[in-house]
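For the single chain, residues carry numbers from 1 onward in sequence order.
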Amino acid sequence: MSSLCPFAKATTGGVCPMKSDKKPDKSGGGAACPVTGKSHGSENKESGADRAAGEEGAEEDPRVVPAKCPFGYDSNTFKLGPLSCMVCQALLHDASKCMPCSHKFCKACISRFKDCPLCGADIEGIEPDTELQALVDRFIDGHARIKRSLAGESKEAADGKSKVIYEDVSMERGAFLVQQAMRAFRAQNIESAKSRLSMCAEDIREELKSSEDNLDLCSQLGAVLGMLGDCCRTLGDAPSAITYYEESAELLSKLPKKDLELVHTLSVSLNKVGDLRYYGGDLQSARSYYARSLDVRRNSVKEHSAVASQVIDLATSLAKVADVDRNLGNEDAAVEGFEEAIKCLEKLKLDSEQASLEQRRCSVLDFLQKQLHDK
């Protein structure tokens with residue numbers, strides 16, 4: 001799983017890398033919504049999603065009550081609090097308390113310790129805290145959702161009484177869930193990461209029911225499904241991982257290939273299916289997926305020949321296909337693939353500011369040359 005959120009640097013005030021050429025709304029001062037793909041000013045004024053417009057609406061419409069998170073979570077930060085695990089620094093998942101000190105952590109996190117990480121007391125047992133977990137679940141379910149009447153609904157209730165509309169101006173739910181998942185994944189709390197990503201995928205699927213042609217939603221769902229595949233792969237569930245990667249690739253392959261982030265996500269999903277097929281012994285299937293990824297990267301290099309990372313990705317795909325060809329006994333095709341990859345990398349010239357890419361280029365080049373030497 002990437003260490004960067006595929007949706008949102010919006011959590012730190014940046015621009016969503018899954019977006020293409022969409023500018024943040026000037027009046028709202030924020031980036032485009034990382035999951036819906038809409039800027040805060042792109043929804044109709046009645047919805048109040050534009051923050052500036054929402055503030056004006058609050059003055060004009062006394063029914064709109066801006067909500068404030070009681071635990072201190074806001075649009076740009078995630079502050080560790082009473083619902084957080086101090087080990088993975090994400091919201092609690094399978095909240096458990098270690099006995100006898102009663103300090104609380106995620107079950108997966110605390111199970112790795114013999115002493116309490118907070119007080120150092122010997123852990124004599126671990127007990128589930130269902131009440132605390134229920135509170136966390138309610139918090140996640142309600143946090144960052146905009147609670148208001150539907151677009152076509154009357155502003156007045158049927159009985160003539162005004163409806164009170166609560167608007168949470170905190171971090172958008174999708175970005176929030178992905179942030180939590182990435183924190184948990186980095187801390188090896190994979191079940192927590194999988195749970196949060198599943199919620200995010202479900203939310204996007206619901207939005208797609210009413211907006212099937214929304215390309216941004218499709219690309220974001222494809223990215224989340226790829227991350228879910230990573231979780232399943234880490235847990236050793238190869239069949240589920242393949243299912244997620246294949247669905248991710250199917251979604252992304254239908255979208256315009258102008259966005260480099262989308263191209264990268266698509267090619268990686270295809271390669272990961274190929275890897276799982278390869279290690280499962282199905283070389284023909286593995287080659288098919290590697291070849292599809294190679295085609296995506298060839299087309300990308302044609303469009304973005306000056307982007308060094310795309311050239312290195314192309315060489316990597318060539319190497320994967322060539323390696324399978326060798327294992328299938330097609331040595332001539334393998335040598336041809338390795339040689340083409342080497343030529344791509346030898347032509348690539350990087351400056352001193354691209355040290356990390358140069359290191360990657362040299363690493364792939366060394367591997368390719370070794371493969372040719374061992375033929």
Which is it for Lys114 and Asp122 under the salt bridge (Lys or Arg N to Asp or Glu O under 4.0 Å) test, yes or no, and what are the steps along the way?
-> CA-CA 6 Å; Lys114 294 182 178 180; Asp122 292 341; over 6 Å; no
Under a single-linkage definition using a 4.5 Å side-chain heavy-atom cutoff for Ile, Leu, Val, Met, Phe, Trp and Tyr, are Ile204 and Met182 assigned to the same hydrophobic cluster?
-> yes
[X] vs [Y] side-chain heavy atoms within contact, under 4.5 Å:
X	Y	answer
Leu215	Lys254	no
Gln133	Leu92	yes
Cys106	Val87	no
Arg326	Phe338	yes
Lys97	His103	no

Say whether Asp323 and Tyr290, considering side chains only, have a donor N or O and an acceptor N or O under 3.5 Å apart.
-> no
Asp230-Tyr245 side chain donor-acceptor pair, cut-off 3.5 Å | yes
Check the surroundings of atom CD in Gln369: do more than 12 heavy atoms from other residues, nucleotides or ligands lie under 6.0 Å from it?
-> yes
Greater than 12 external heavy atoms within 6.0 Å of Glu346's CD | yes
When every non-hydrogen atom of Ala315 is compared with those of Val364, the smallest separation belongs to CB-CG1, 4.5 Å
Are Arg138 and Glu131 close enough, and set up right, to give a salt bridge (Lys or Arg N to Asp or Glu O under 4.0 Å), and what steps lead you there?
-> CA-CA 11 Å; Arg138 288 196 299 272; Glu131 185 176 340; over 6 Å; no
Could you go step by step and tell me if Ser248 and Ser269 meet the side chain to side chain donor-acceptor pair (under 3.5 Å) rule?
-> CA-CA 7 Å; Ser248 171; Ser269 288; 3.2 Å; yes
With Leu294, the side chain to side chain contact (heavy atoms under 4.5 Å, CB included) member among Asn299, Leu270, Leu318 | Leu318
Please say which of Asp325, Asn330, Asn327, Asp282 ends up in a side chain to side chain donor-acceptor pair (under 3.5 Å) with Arg287.
-> Asp325
